[in-house]
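Working notes for the structure below.
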Amino acid sequence: MRFVATLEDGVEPVEVRGEGGRYRLTLGDEVWEVDARLTAQGIYSLLIGGVSHVAEVTDDGGACVVDVGDETWVIRVEEATRHIIRTRGGGPAGHGGQTLTAPLPGRITHVAVKPGDRVEKGDTLLVIEAMKMENEFRAGMAGTVAEVRVGAGQAVNAGDVLVVLET
Amino acid sequence: MRFVATLEDGVEPVEVRGEGGRYRLTLGDEVWEVDARLTAQGIYSLLIGGVSHVAEVTDDGGACVVDVGDETWVIRVEEATRHIIRTRGGGPAGHGGQTLTAPLPGRITHVAVKPGDRVEKGDTLLVIEAMKMENEFRAGMAGTVAEVRVGAGQAVNAGDVLVVLET
Amino acid sequence: MKLAKVLIANRGEIAVRVIRACREQGITPVAVFSEADREALHVLMADEAYPIGPAPATESYLRIDRLVATAKAAGADAVHPGYGFLAENAAFAEACAAAGLVFIGPPPAALRAMGDKTAARRLARTLGVPMVPGTLEPVASDDAARAAAAEIGYPLMLKAALGGGGKGMRLVRAAGDLAGALRAARSEAAGAFGDSAVYLERYVSEPRHIEVQVLADAHGHVVHLGERECSIQRRHQKLVEESPSPCVDPALRARMGEAACRMAKAAGYVSAGTIEFLVDPDRNFYFLEMNARLQVEHPVTEMVTGIDLVREQLRIAAGEPLGYAQADVVARGAAIECRINAEDPFGGWLPSPGTITGLRAATGPWVRDDSGVYEGCTVSRFYDTLLAKLVVWGADREAAIARMARALGEYKVVGVRTTIPVLAQIVAHEDFRAGRLSTHFLDRILPGLTAARGRLRSVAIIAAVLAEYERLGHHTLPPPAPAATDAWRMAFRPGAGGGRR
Amino acid sequence: MKLAKVLIANRGEIAVRVIRACREQGITPVAVFSEADREALHVLMADEAYPIGPAPATESYLRIDRLVATAKAAGADAVHPGYGFLAENAAFAEACAAAGLVFIGPPPAALRAMGDKTAARRLARTLGVPMVPGTLEPVASDDAARAAAAEIGYPLMLKAALGGGGKGMRLVRAAGDLAGALRAARSEAAGAFGDSAVYLERYVSEPRHIEVQVLADAHGHVVHLGERECSIQRRHQKLVEESPSPCVDPALRARMGEAACRMAKAAGYVSAGTIEFLVDPDRNFYFLEMNARLQVEHPVTEMVTGIDLVREQLRIAAGEPLGYAQADVVARGAAIECRINAEDPFGGWLPSPGTITGLRAATGPWVRDDSGVYEGCTVSRFYDTLLAKLVVWGADREAAIARMARALGEYKVVGVRTTIPVLAQIVAHEDFRAGRLSTHFLDRILPGLTAARGRLRSVAIIAAVLAEYERLGHHTLPPPAPAATDAWRMAFRPGAGGGRR
């Protein structure tokens, strides 16, 4: 079975064969023989050429966060055909803007912008309070505030759209 | 919903009402208000009148083994109607014999009896080796050996019938 | 008097810590919980647990009325406040006393005396305990500030009189910056503490934060239990603590300890408390403030002295004398604590609430895990990010560091992001290993720390791909627990007369 | 020489223990595993792990050829044997040496000397170390036995010369029973050890089993680390151990320690070893045997002395000198170990293999869990029943007992039966609390111990009924981790403009 792994630093085609704990994976032109076991929910034991790895794999909104040894990787894995379909034509067209979604649940304690405001990259947009910490969110680009969907004092869930910027 | 709990020391009718973590149970003529949560597989948190209990419930061949505080109880729980059907007529007729089944997986290291042998209560029937320990099994009653289904050196699974005695 | 039942007015790891101490002393521990905490570890571990209100702390853990009423209804004879929440709240201590409950902490007067920073500094000056040169009282005017500043010299610090947590603080490098800094500090102090008073202090470069643990009974006996170095901080949040401090020798320890005991005695202090000092690169120490509570980082002191601080708090609250003198307090080896917080150190330190879907805590020789969570539990957005404190002991600092590195490598938390990876990098840092610390250490190294990357890239891809391969269900991995039984089933010969029940 | 990579020829908790020590010393730990152990904890924790054969130990963990070949192939420079399996096997030590691998243990000659009980007893006599009065050599004939018995006096013990684990032992109460007992003991010894030789020893009533830990380097330095009391045994299997022994005072400790060091020196012993003594009610001590390995119960010695025994083994194997003398070994407080075995103490002590479906180990202040298992792992029927060793330290014995009671209460294992409930009853027993111990203690109290019953009967019924109620799916319990998020979702107002991604 063919997959494509998309990492921050590149895209890797991966082929997998095998079952029942014994696998042969081809990454680029490297072949890896892997003895893999799921030892607990999300915790994999991999033996590769005698070297023992324990990898924690957490689903994070469609991507995998993989902790192995002292390293952390965010990897999106897709079936090869699905990857091709998704990326054909360069993916969703750039919409020339930026949407700030809440990365964690919390309470909005401060909103610094209103629709129509001009912001520079790094300007504070709003502050979310969670776990007794105030977390400031800044504009990732210069632009104009198109929408502000939340108000101070309001509770938000992770993933909620907060502010939409347009170039 | 009505259940019957069968313990070593008695049979208790139990009625349960409620859902979503809040229950009212009637045991005999006692009423218990229980706030119950499953905190992990088989581990329940019960708050009863402010008293906090953590109960481990393990399935053991149809019965529950319940560990709570420093106590261990083996309890068979049935829906009331099922209990009535099972016990109507006094349950399965006494067959006037005894069947020794393997209580754990292991290897038979010694068989002390053969079909036709007369045994007294407490006589050794066979020995199962498991986890580096030799475990001797004795006759629970006097009788005659009707069947010996295993031989020395043989591996057995938990639940396998080993020896059948007849009175 | 003997304490029979203690209500713990707290949650998380410190509630669990106190529950354990109670149980070991034969005291019945009673937990309280907000609506968000019904399944929290402290609720599961206590003998009794009572709801005290909705999730926000202001409606539950900070509700003096409900806590006192619950303690009375449960028949508790004492209340342990833990740290944070109401631990240093004199009104809470008084409400407990009024209801006939023993407050396990200092008397209200000592709480008030220590809560007022200016009063505490005045006491220190009276006692001849060194302080960073500065104005004892808040400066009344800009002119007064200018005059004082000229005497203290630049750079200097402006600090809010009622401050804490870095708010209302400003570094002033030169005379020209003073006026603007005063305005900013006063405004911030007014906003944060309702009082705009600020005072001036000489700026100490590369300071270390070192604190001394004291124990005082109700009979006038006071001992100190040596120091903790807490210089590794981020935004005034301690992340790694240790005892002893690599920069404190026996002579300095004796002087700091003596000063701390003098402060505690003069304040009429009772119970466990901490005197915080700032230590400059020339090993001069200066009084900062007193913490009238058990500290988060108390375990490192426990591991080196062998003295159980919560047990001592319970004994002292019951009126027992300490029963030992300063010479009986003997430290052995070195201990380090790392705070495992639900934060994403490589993602802007954002808090990471959620469900802990996988958890394997470090354990084994000389590893102590003071945790408030378990696999399957929820990390609520309503409370602070501290999940667990990982503490190790070693025969010397080097052994303790090696053990901490080992333990951090074992500690696995799945489902929420934690500080573990950055803690591992701190513990491996050459400056940390050499004991070259200051409160700027973390700010200095953090920009250079990133998630370790490289060596295990292919392994990470393999794990991710196999997880997806399995999720698609085409070729499942062996289930979590097969092996012996399966092999066994194959070896079983049904023809030999065996039959399943 | 510096050790860089060590193969651990063992499994379970001791393999994990050695892996941890290696990692803390910067040594690469290499695991081996049988087919039953692919997912065992030691495989997950090691840097490397290699298969060595099928599940039965005779085809894997006892295969000297495969272990040596694996160590060489992996590039290890040393082998740690743990305890059990090949730990005291001189042929294994020699095979390692022949392959250029450092064997982390005593030299083969010392292994052979200590493995031969008669030779060890002869050495003890030569050195003037007290022994239970008896025949040094096996008795050649019934007549010789009768003559010796008359001199020793009745009651007396017959013991197999090559014995162990209680096999080939017989208590003889009177002269008339001697001939029959001789026949039985010889036959049992021949069957168990391939040698029918037996010797006679005076019977000591109410003996205590107390052993002394020694450390010896390759440069002739030997120190002892005090004693462990291991009197709580069932069928010669230790269940609870502690250090110090409640019956040993400093003078007795010094005499036993001196005798132990004398034995170790005379035997040319190197590495960690143990001299077992029997102590009678008048506090006379008698040499029993020497264990030329790390003992299961070594952690209690570690907790009171602060000395890491596995680290010392690694250092000694690398040729380093101890670097400290007897006076530097200082014990503090008291430590207790409880063995958590997969056995059903209230079901005839049957082994309980299976899958651990739920696990919450005890932790917190001064609690050490040396475990070889994790939640989800399989307890194989092929190996011994030891799952974990729960160890606590306290400032004194009373504090340690209270802490152990607390820790046993926290320890939850679901899926297999364990010794935890009976350990809790032992630790609560008044004779244990008073330190009134002998090797008969457990046999005496076990018949009176039953699963605690009564107080929680209704609660147990409630839990069982709710589990069934939930299983039937009519009214499910809240899932393991909701609370905050759910409450949160209700508080969320979608009308205010929020939308889910």
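Note that these values count all heavy atoms, side chains included, but never hydrogens, waters or copies made by symmetry. In what follows, every chain begins at residue 1, and chains take the letters A, B, ... in the order their sequences are listed.
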Exercise for the section: Would you name the heavy atoms of A/Ser52 and D/Ala46 that are closest together and state the gap between them? Expected result: CB-O, 3.3 Å
Exercise for the section: Rounded to the nearest 0.5 Å, what's the gap from CD on D/Glu39 to CG on A/Leu38? Could you check? Expected result: 8.5 Å
Handout entry: Residue pairs involving residues 52-87 of chain D (criterion ring pair (Phe, Tyr, Trp, His ring centres under 6.0 Å); sequence neighbours excluded)
Key = D/Tyr61-D/Phe85, D/Tyr61-D/Tyr383
Problem - Nearest non-hydrogen partners of A/Leu47 and D/Ala49, listed with the distance - result: CD2-CB, 3.9 Å
Practice task
Please state whether the side chain, the backbone, both or neither of A/Val51 comes within less than 4.5 Å of a heavy atom of chain D.
Solution key: both
Problem - Proximal component of A/Leu162, with respect to chain D [non-hydrogen, under 4.5 Å] - result: neither
Exercise for the section: Locate the shortest heavy-atom distance separating D/Arg38 from A/Ser45; write the atom from each residue and the value. Expected result: NH1-OG, 2.9 Å
Problem - Contact residues of residues 110-118 of chain A (partner chain D; heavy-atom separation under 4.5 angstrom) - result: none
Fill in the blank from the handout: The reported gap from CG in D/Leu44 to NE2 in A/His53 (rounded to nearest 0.5 angstrom) is 12.5 Å
